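The structure appears right after this line, and notes come after that.
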Amino acid sequence: MNLGEMIEKARRGRFSQQALGEKIGVWGTYIGQIESGKRIPSEERCMDLAAILGLDPRALLIQAYRQRANTKEARRLFDDMAGSIADPAGREQGGDSKGGRHPTGTGQEESPPDRIGRAGEPPFTRGVYPSMYRGRLWTIRQYAGFSTPAETNARFRALIDRGQNGLSVAFDLPTQMGYDSDHPNAEGEVGRVGVAVDGLWDLEHLFDKIPLGRISTSMTINATACILFALYAALGKRRGMPASVLAGTVQNDILKEYVSRGTYIFPIGDSMRLVVDLMAYCLRAAPKWNPISVSGYHMREAGATAGQELGFTLAHALAYADAARGAGLEMERVLPQFSFFFGVHNDFLEEIAKFRAARRLWSRLVEERLGVEDTRCRRLRFHAQTAGSTLTAQQPLNNCARTTLQALAAVLGGAQSLHVNAYDEALGLPSDTGAQLAVRTQQILANESGIPDTVDPMGGSYAVEEMTDNLEEEAIAVLESVDREGGATKAAANGFTAACIAESAYDAQKKIESGETVVVGVNRYQDAPEPPVSVFQPPGETEYTQKGGLERARGMRNSDAANAAMDVVERRARGEGSITEAVVAACSAGATVGEISDRLRAVFGSYRPGG
């Protein structure tokens with residue numbers, strides 16, 4: 001039975017043509033393309049389709065791979081999937097292969113322990129997809145942004161030319177805090193720690209000659225997340241692409257700003273409203289966009305332990321899910337759009353175990369605490385970044401070893417996308433050489449290590465499995481402590497979460513200063529003073545250039561139209577209706593990040609810690 005026949009049988013047995021169309025929407029066209037052989041579904045789409053039609057997802061995947069088995073890669077994938085179904089008791093994932101150099105890890109043991117399971121199936125300990133990197137490698141997504149949009153565009157295009165297949169935008173502090181480049185509070189900070197963006201014209205320069213329809217973009221932005229997303233959507237519209245075809249992620253994780261990072265603007269309740277408002281808009285208008293990336297990375301950088309990183313991150317995720325449900329959003333539609341972001345530190349085995357524990361615990365929390373059984377909702381997909389806090393200014397070349405070790409842990413832990421820090425980031429912004437080496441590190445892991453040939457290579461390791469169990473228990477203890485404070489939002493507001501992280505940071509620093517924790521080149525194995533290392537700095541004229549562009553853009557726009565659009569933003573903020581929808585219109589009319597933020601400040605006010 002071929003793929004089309006399988007789908008047709010399910011269709012006839014369970015749904016009328018009309019009911020099927022109503023249930024699966026765009027799948028009607030997609031199924032037609034599958035049946036005609038014009039399109040092959042990805043693993044994720046197969047899993048979704050199988051759930052809709054009540055089919056065995058692995059059987060559906062086999063048929064999909066069989067249709068394209070005229071390529072070497074497809075034959076390999078088909079063989080892996082066929083082996084996992086035809087001989088389910090033959091070998092455990094990660095077990096022996098049939099004569100190959102590497103075990104494939106795609107075989108299945110007859111009764112794997114429930115807490116481990118199989119890759120692609122709850123509780124997802126071993127990975128969120130059945131064939132993991134054998135089917136698709138992780139996305140190389142290097143975080144970049146500095147100076148003006150034109151300068152960052154040149155870096156983006158260089159990274160793409162070197163093989164990067166996803167973009168990640170770093171914004172300067174004024175953009176993150178809702179100030180335009182000519183605001184007094186922005187003086188000295190324009191383009192310093194990220195790219196300066198004031199309005200739609202800046203995004204046109206930032207993504208010049210970059211095909212938005214063929215590359216996904218991640219934006220690390222929180223307090224002004226709906227504004228930066230709106231600018232991106234407005235840019236897509238100007239290029240003839242509706243928001244529905246744009247793919248990417250906006251961080252939009254405001255709770256961790258109050259407990260670790262500090263780029264908040266509005267009171268917590270109003271900020272949570274904006275988070276959910278953007279979720280709702282994306283569900284309606286931008287289904288390929290992840291409206292939130294719940295981040296443990298910044299809490300870990302601030303000093304949290306691995307267990308705290310897990311516990312606080314998942315507590316925040318539950319708070320966002322509860323807020324979305326309270327606003328009337330359907331969990332089965334919202335949760336598949338959640339993504340996560342974790343740091344990768346130096347304790348190699350602990351980091352691998354952390355990612356496995358994160359997947360397992362999230363799957364359990366979604367089912368038990370949110371009452372959702374849909375497997376699509378229980379998958380924890382995550383981006384990882386090597387730890388900036390572990391980089392040292394002393395003997396900076398040592399950072400190459402650190403970031404490679406951390407990247408390897410992320411891959412062995414099953415990351416969906418990865419950023420590797422440049423070796424010279426402890427000294428300043430990444431140099432071009434440092435950025436290139438970071439990309440090449442990922443490419444060597446992907447193409448020379450052989451690791452992607454095996455699903456969950458560390459699965460079954462006594463040490464890793466025990467550490468996975470222990471980290472899950474630690475994270476549960478953290479979740480329980482947050483619950484005792486009344487939930488993640490209250491724990492952020494009353495300072496509980498920040499205090500826990502600060503205490504851990506203090507303990508870690510004491511161990512470094514006492515020598516109990518060794519940092520090579522810092523408290524042991526020091527060298528004689530080294531000659532100064534050349535440090536990359538953004539152009540000195542950045543602020544002048546950005547202010548000039550902003551002044552010209554304001555002079556060329558229709559100010560009446562921009563002000564009228566911002567009036568709608570303010571009315572929506574004071575009342576009801578989609579704020580994000582109004583912000584998209586305002587951005588299209590030429591309103592700036594600072595102007596829109598000021599309209600929201602006029603309604604919500606500004607957050608004052610302890611106030």
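Computed from a predicted model, the values in this text were never measured in an experiment. Nothing fancy with the numbering, it's 1 onward along the sequence.
In this structure, the side chain of Asn523 engages the main chain of Thr517 through a donor-acceptor pair within 3.5 Å. Without hydrogens or angle criteria, Thr454 side chain to Pro457 main chain gives no donor-acceptor distance under 3.5 Å. A donor-acceptor contact shorter than 3.5 Å links the side chain of Asn399 to the backbone of Tyr423. A donor-acceptor pair under 3.5 Å is absent between the side-chain atoms of Asp424 and the main chain of Pro430, judged by distance alone. Between the side chain of Arg359 and the main chain of Leu380, no donor-acceptor pair closer than 3.5 Å is present. Distance alone, capped at 3.5 Å, is enough to place a donor-acceptor pair between the Asp374 side chain and the Arg376 backbone. A donor-acceptor pair is defined here as one N or O able to donate and one able to accept, closer than 3.5 Å; such a pair exists between the side chain of Thr386 and the backbone of Asn421. A donor-acceptor contact shorter than 3.5 Å is absent between the side chain of Arg356 and the backbone of Thr468. Glu330 places no side-chain N or O within 3.5 Å of a backbone atom of Glu332 that could act as its donor or acceptor partner. Side-chain atoms of Glu351 do not come within 3.5 Å of backbone N or O of Ala409 as any donor-acceptor pair.
Taking the side chain as every heavy atom from C-beta outward, Ile140 and Gln443 approach each other to under 4.5 Å. Under the 4.5 Å side-chain criterion, counting only non-hydrogen atoms from C-beta, Pro452 is in contact with Trp138. In this structure, the side chains of Leu167 and Gln164 come closer than 4.5 Å at one or more pairs of heavy atoms. Residues Val372 and Glu367 form no side-chain contact, since every pair of their non-hydrogen atoms from C-beta on lies 4.5 Å or further apart. The shortest side-chain heavy-atom distance between Arg141 and Val420 does not fall under the 4.5 Å cut-off. Put simply, the side chain of Ser295 reaches to within 4.5 Å of the side chain of His298, judged on heavy atoms. Put simply, the side chain of Arg381 reaches to within 4.5 Å of the side chain of Tyr129, judged on heavy atoms. For the pair Val334 and Leu283, the minimum side-chain heavy-atom distance is below 4.5 Å.
Neither side chain, Asn165 nor Thr139, offers a donor N or O lying under 3.5 Å from an acceptor on the other. Side chain to side chain, Ser363 and Arg379 fail the donor-acceptor criterion of an N or O pair below 3.5 Å. Under 3.5 Å, the side chains of Trp289 and Gln337 contain no donor-acceptor pair of N or O atoms. For the residue pair Ser389/Glu301, the side-chain donor-acceptor check at 3.5 Å is satisfied. Under 3.5 Å, the side chains of Glu474 and Gln308 contain no donor-acceptor pair of N or O atoms. Looking at Thr390 and Arg402, their side chains never bring a donor and an acceptor atom within 3.5 Å of each other. Asp453 and Tyr133 are not linked by any side-chain donor-acceptor pair at a separation below 3.5 angstrom, with hydrogens and angles left out of the test.
Taking the six-membered ring for Trp, Tyr297 and Phe342 have ring centres at least 6.0 Å apart. Within the 6.0 Å centre-distance limit, the rings of Phe340 and Trp362 are counted as a close aromatic pair.
Of all heavy-atom pairs between Ala488 and Leu255, the closest is CB-CD1, 4.3 Å. In terms of heavy atoms, Val366 sits closest to Arg378 at CG1-CG, 3.6 Å. Ala410 approaches Phe355 most closely through the heavy-atom pair CA-CE1, 3.8 Å. In plain terms, the two heavy atoms of Met132 and Gly127 that are nearest each other are SD-CA, 3.8 Å. Between Tyr525 and Gln395, the closest heavy-atom pair is O-NE2, 3.0 Å. The two residues Gly307 and Leu471 come nearest to each other via the heavy atoms N-CD2, 3.9 Å.
Expressed to the nearest 0.5 Å, how far NE2 of His316 lies from NZ of Lys256 amounts to 9.5 Å. Atom CG of residue Leu418 and atom OG of residue Ser168 lie 11.0 Å apart, to the nearest 0.5 angstrom. Considering CD of Gln416 and CZ of Phe382, their distance stands at 6.0 Å, rounded to 0.5 Å. For the atom pair Gln406 CD and His419 NE2, the distance stands at 10.5 Å (nearest 0.5 Å). Interatomic distance, CD of Glu309 versus OG1 of Thr313, reported as 5.5 Å (0.5 Å rounding). Separating the CD1 atom in Ile254 from the CD1 atom in Ile221 is a distance of 9.5 Å, to the nearest 0.5 Å.
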Please report the C-alpha distance between Asp347 and Lys354 in whole Å, then the side-chain angles of each, then the deciding distance to 0.1 Å, and finally whether the salt bridge (Lys or Arg N to Asp or Glu O under 4.0 Å) criterion is met. CA-CA 10 Å; Asp347 192 324; Lys354 179 183 75 179; over 6 Å; no
_Stepwise side-chain contact (heavy atoms from CB on, under 4.5 Å) check, Leu318 with Leu479_ = CA-CA 10 Å; Leu318 290 172; Leu479 280 162; 4.2 Å; yes
Carefully, step by step, assess Gln442 and Gln142 under the rule side chain to side chain donor-acceptor pair (under 3.5 Å). CA-CA 10 Å; Gln442 294 205 49; Gln142 294 294 118; 2.8 Å; yes
Subject >> Stepwise salt bridge (Lys or Arg N to Asp or Glu O under 4.0 Å) test for Glu465 and Arg115 >> reply: CA-CA 10 Å; Glu465 298 296 358; Arg115 75 182 193 285; 5.3 Å; no
Quiz item: side-chain contact (heavy atoms from CB on, under 4.5 Å) between Met299 and Val259: does it pass, once the steps are laid out?
Solution: CA-CA 8 Å; Met299 292 185 282; Val259 305; 3.9 Å; yes
Next item on the list: Could you go through the side-chain contact (heavy atoms from CB on, under 4.5 Å) check for Arg333 and Met279 one step at a time?
Entry: CA-CA 10 Å; Arg333 295 186 63 207; Met279 287 184 193; over 6 Å; no
### Task
I would like to know whether Arg360 and Asp469 meet salt bridge (Lys or Arg N to Asp or Glu O under 4.0 Å); could you show each step before the answer?
CA-CA 10 Å; Arg360 186 162 75 202; Asp469 293 344; 2.6 Å; yes
Open item on the list: Would Ser449 and Ile444 count as a side-chain contact (heavy atoms from CB on, under 4.5 Å) here? Give the steps.
Closed with: CA-CA 7 Å; Ser449 70; Ile444 289 169; over 6 Å; no
Quick one, Glu472 with Arg364, criterion salt bridge (Lys or Arg N to Asp or Glu O under 4.0 Å). Give me CA distance, side-chain angles, the key distance, then yes/no. CA-CA 11 Å; Glu472 184 177 17; Arg364 173 180 165 187; 3.8 Å; yes
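Atom CD of Glu373 has 12 or fewer heavy atoms from other residues, nucleotides or ligands within 6.0 Å.
Residues Asp483 and Arg369 are paired through a salt bridge, judged by an N-O separation under 4.0 Å between the basic side chain and the carboxylate.
Classification of the Phe496-Phe312 ring pair by plane angle, with boundaries at 30° and 60°, yields perpendicular.
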